[in-house]
Amino acid sequence: MLKIVHMWVNGNEVELAVDPRESLLETLRERLNLTSVKKGCGVGECGACTVLIDGVAVDVCLYLTMWAEGKHILTTEGLKRPNGELNPIQQAFIDEAAVQCGFCTPGLIMTAVELAGTGKRYTREELRKLIAGHLCRCTGYENILNAMERVCGQEA
Amino acid sequence: METVGKSFTRVDARGKVTGEAKYTNDLMPKDALWAKVVRSTIANGVVKSIDISEALQVPGVVRIVTCFDVPDIQFPTAGHPWSVEAAHQDVPDRKLLNTRVRQWGDEIAAIVAKDNVAAERAARLIRVEYEEYEPIVTIEEALAEGATPLHPDIRKDNIFVHTSFKTSPDFDYDKAKERAIEEYGEENLIEVSDTYRTPRIAHCHIEVCTSWAYVDTNGKVTVVASTQIPHIMRRVIAQALGWPVGKVRVIKPYIGGGFGNKQDVLDEPLNAYLSIVCGGRCVCLELSREECVSQTRTRHACKGVLRGLATKDGKLLAREGDIYTNKGAYASHGHAITAGMTTNFKDIMHDAYGCRSDGYSVYTSSAVAGAMRAYGVPQAAFLADCLTDDLCAKGGFDPLQFRMDNCVPPGFVASNGITYYSYSLKECMKRGAEFIHWEEKRREYAHQEGPVRRGVGMSIFMYKVGVYPISLETSSARMILNQDGSIQVELSATEIGQGADTVFSQMASETTGITMDKVYIISTQDTDVAPFDTGAYASRQSFVTGKAVKKCALELRARILDYASYMLGRPAEELMIWQNQICEKIHTGTAAASDRACTVTASSPTGAGTVTDAAPTGTGAADGFDTGNAAVRNAKKLALGGEYIDNTRNDGSKGESAKYSAWLDGKVKEYDIHDLPNGEAAILRDTGVEKDVKPGKALLSMEDLAMNAFYSLDRSEHITAEVTNHCKENTFASGCCFVDLEVDMPLGKVKINNIINVHDSGTLLNPKLAEAQVHGGMAMGIGYALTEELLYNEKGRPLNANLLDFKIPTAMDVPELHVEFLEMDDPMGPYGNKALGEPPAIPVAPAIRNAILNATGVSMKEIPMTQQKLVAAFKEAGLI
């Protein structure tokens, strides 16, 4: 039996009928076609499905859609301005060559958006800890950290 | 060069940071059916019967097929080009689903249902009756007397292939030792005899292995797959189904990492079959992370039984190795990886008397081993460099000096003819040693006490570029001119994250004279339209496909100039393309002429304005209008040795840094390119490159030319080029890793304080992307050294097949990564470039192992050096 859920996704109010067992990952990808939200494990190990729920980075493979009732969801699709201009974090990932296969990228960018949103400045060591929930097999994290430092590092 | 060698932004970066880049599952039709593979719950045995009646009752189940239903066709899965010689073809040793179960989790049935929940529920209700045999998970179990042969139709025992390599046919280690005793006296020799092991590990690309398949309206079965090898996959699917190749189509969208796992054909043939038996409906087959880790492919675990002999003053005399690899349940890449490992162990060092290495690839009832980043060479480097440092420790040699004296020499020619052209391995070592402060640290760490100790270690490697002459190297490229003077580049070399699309675009721009913003590379490969290439593996693409891109660009350029000649009424030979303009070609001839400033005045109403001083001068112009760059390259004395100059130090001195540079000062014989073995082949690189020319007055914009070529009422011509390049060249890349670390012995904890990889990869195509590639390899090497190992219980069931328990490095496990390159133009590379994709992962684990040896005096015999293993070793050594 489907149930109705109301939420705001990338600024738009949506009302959906979903299976109550459905994860927010499935809803975002399959019902709303927000395919920046990637599935890498389905059990909260890799961080590829990270989105912001009311400003907090969450692995949505572990988050039931029903829990999102009334909440504000932000995915990578919601970062670009209407004129196509990129968010500074997206631009920093490009400029620092922090992107390789790109599969972990949207999730990491959402964590970076969360951190930038706090207004705090982080040391490189703090950033290492804060992104430790994201697995990347391509980059060794070096350029990802460089990109994040640009937007929320102490030197930025 | 104008475009090649510059750090252009990735052509796919924007699509990836916006999440708009589409990967396989992002494109899946919403009405696709879901498939689930039913896997065996024993590691070795035979399926006697399968009862699907209960599973069929699950609402939503569409179709169930079992190992008793599939076509009786055996097929191989390796991502190798087909061989027209039967003896070199991959061994077909599996079916779509198998009744003879050879690993825990072997594929015995498949469910197709309307969604994944129904498919998984049905899978749990399948009842299977087995005849069970003893699991044989390890090399030792598989080789034991009386072990069940896993593939009795192919091999009478579990040794898949045994190969033997020797530096000379009559070499024998024991005879060499006798000779050494006679020559030097037993008291003047150092010998190490030991066994070293590397683990089975998983690739852990973040995108799981996934595909979806349907039968198209034209009757073709079409598979959209996350793969490195679309054209090979197409052929293998055809073979597995018994269909003609033309009736199979493979599409490869963006891919979330491969690292060799997707250089194999995995469940895609089964996926195609499931669609066919469901009347052509779209079926999705996405593996779980757990299936990906333990049921796709892995890196071979290996055991090396080694001996090495050196003189007391540090001359390496002889080595031998018997190397056993655990290839798991099916042949996958056959013996190729083991053979590569075995050869590389032999070749990386120069043994004065010689070396023997034997490789045995062994079937076991465990996860299939296949390609993984650097194809056996991480294992070879670990074995070789453990032996080297254990010899050094025993003999009191400086490991850096020992390698300088005994490593593979310049001008090395392998037994299969691959020649080490541009050589800067020793310069890499020198640079790495300087960076890490090798001598200073070795002195500082010489006499340590207490529970926390520091050490420095190093490792070296060499790596061939692509697979010629062992196997076929061929690649095609197509370029199409658009109405606005831009071009499409179509290849079947695949972008898998390494940056291939970006560097191919740079190459196309470099050679055509059309700027990067007007080069559109097609990232998705569709075997119905993309020209043939074998795909991403062997660090081959920038070299092999790069040659095809260059050849194609030269052909396109010639056609453009031919049309320009028609439009302008001037001979094509007087024209050149520079920055999207057809220009007059000015012959400079002399250096003085080429130094002159040049003014380009656009004659076209749509063209650019005036460009001053923009013309290339003698240093660093585009190949096409090279004012001598190629000539400079040819004239540049490449440090290549036709003969090896034995530079074993004879004074026995240690400790002066000068001794390392002494090697570099005049001891390498300099050669002109034409003097090289295969020198004639080498100079092919310059085909079509014009020397001593520069652009003069701009006469016509590419846009005007293209519009005319399309729509001229007098001569309409759609300007395209398509070429095949059969690559019959190869060379070696090399490099090293240096590590400075500390070991907390009671905790068994290793902290890397400083680490650098220095690479000899020829001319860099895009330095920023090259550096990023090395970072990733280094992190992978750190995981290989310290944490990664796929574990099994006694029943052959995987214990840690997930990303929580199989420990790949997180950002907290990786230190700051330092990278340097010693760029030396390689005469074989299309733009002076050599392999870089895989090599960064090779030297890190042995360097860490050797630094732990330096820190603690404990010679670890296997990786991963987990905390538990280190504590046990330190206890055994009486250190804690």
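Lettering of chains follows the sequences in order, A, B, ..., and the numbering in each one begins at 1.
Taking both residues in full, the closest heavy atoms of B:D26 and A:R29 are given as OD1-NH2, 2.7 Å, listed atom of the first, atom of the second, then distance. When every heavy atom of B:P809 is checked against every heavy atom of A:L135, the shortest pair comes out as O-CD2, 4.1 Å. Listed here is the closest heavy atom pair of B:T810 and A:Y141: C-CE1, 3.3 Å. In plain terms, the two heavy atoms of A:T76 and B:G19 that are nearest each other are CG2-N, 4.2 Å. The minimum heavy-atom distance linking B:L817 with A:G140 is given by the pair CD1-O, 3.7 Å.
Heavy-atom distances place both the backbone and the side chain of A:E96 under 4.5 Å from chain B. Of the atoms belonging to A:L79, not a single heavy atom falls under 4.5 Å from chain B. Using a 4.5 Å cut-off between heavy atoms, A:D95 contacts chain B through its backbone alone, with no side-chain atom that close. For B:D115, no part lies under 4.5 angstrom from a heavy atom of chain A. Heavy-atom distances place the side chain of A:T105, and not its backbone, under 4.5 Å from chain B. The parts of A:F103 that come within reach of chain B are both its backbone and its side chain, each placing non-hydrogen atoms under 4.5 angstrom from that chain. In this structure, chain B has heavy atoms under 4.5 Å from both the backbone and the side chain of A:A132. Heavy-atom distances place both the backbone and the side chain of B:A772 under 4.5 Å from chain A. Both the backbone and the side chain of B:T18 come within less than 4.5 Å of a heavy atom of chain A. At a 4.5 Å heavy-atom cutoff, the contact between B:I255 and chain A is made by backbone atoms alone.
Between atom NZ of residue B:K30 and atom CZ of residue A:R31 there is a gap of 10.5 Å, rounded to the nearest 0.5 Å. With rounding to the nearest 0.5 Å, the separation of CG in B:L769 from CD in A:Q100 is 8.0 Å. Note that OG1 of A:T35 is 8.0 Å distant from CG of B:L27, once rounded to the nearest 0.5 Å. Taking CD of B:E816 as the reference point, atom CG of A:N146 lies at 7.5 Å (rounded to 0.5 Å). Of the inter-residue distances, the one linking B:K16 atom NZ with A:C101 atom SG reads 6.5 Å to the nearest 0.5 angstrom. B:R14 CZ to A:Q91 CD: the interatomic distance, rounded to the nearest 0.5 Å, is 8.0 Å.
Among B:G783, B:A13, B:C292, B:A779, the residue making the largest number of heavy-atom pairs under 4.5 Å with chain A is B:A13. For chain A, the option among B:L804, B:D813, B:V208 with the highest count of heavy-atom pairs below 4.5 Å is B:L804. Top candidate by heavy-atom pairs under 4.5 Å with chain B, chosen from A:K129, A:R21, A:E125, is A:K129. Note: B:I808 leads B:T9, B:I808, B:N25, B:I496 in heavy-atom pairs under 4.5 Å with chain A.
The closest side-chain heavy-atom distance from A:K38 to B:I206 is not below 4.5 Å. The shortest distance between side-chain heavy atoms of A:E142 and B:V774 does not fall below 4.5 Å. With a 4.5 Å cut-off on side-chain heavy atoms, B:E20 and A:E77 do not count as touching. Annotation: side chain of B:N802 is not in contact with side chain of A:V43 (no heavy-atom distance under 4.5 Å). Side-chain atoms of A:C138 and B:F259, non-hydrogen and from C-beta on, do get closer than 4.5 Å to each other.
A salt bridge does not link A:R137 with B:E207: none of the charged nitrogens is closer than 4.0 Å to a carboxylate oxygen.
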Exercise. Test B:N116 against A:E26 for side chain to side chain contact (heavy atoms under 4.5 Å, CB included), laying out the working first.
Key: CA-CA 11 Å; B:N116 55 343; A:E26 291 164 317; 4.1 Å; yes
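At distances below 3.5 Å, not a single donor-acceptor pair connects side-chain atoms of A:R128 with backbone N or O atoms of B:M812. Between the side chain of B:R289 and the main chain of A:E45, no donor-acceptor pair closer than 3.5 Å is present. The closest donor-acceptor contact from the side chain of B:K768 to the backbone of A:A97 lies at 3.5 Å or more, if one exists at all. Checked by atom type and distance alone, the side chain of A:Q90 pairs as donor or acceptor with a backbone atom of B:V17 at under 3.5 Å.
Remark: A:K3 NZ is loosely packed, at most 12 non-hydrogen atoms of other residues, nucleotides or ligands lying under 6.0 Å away.
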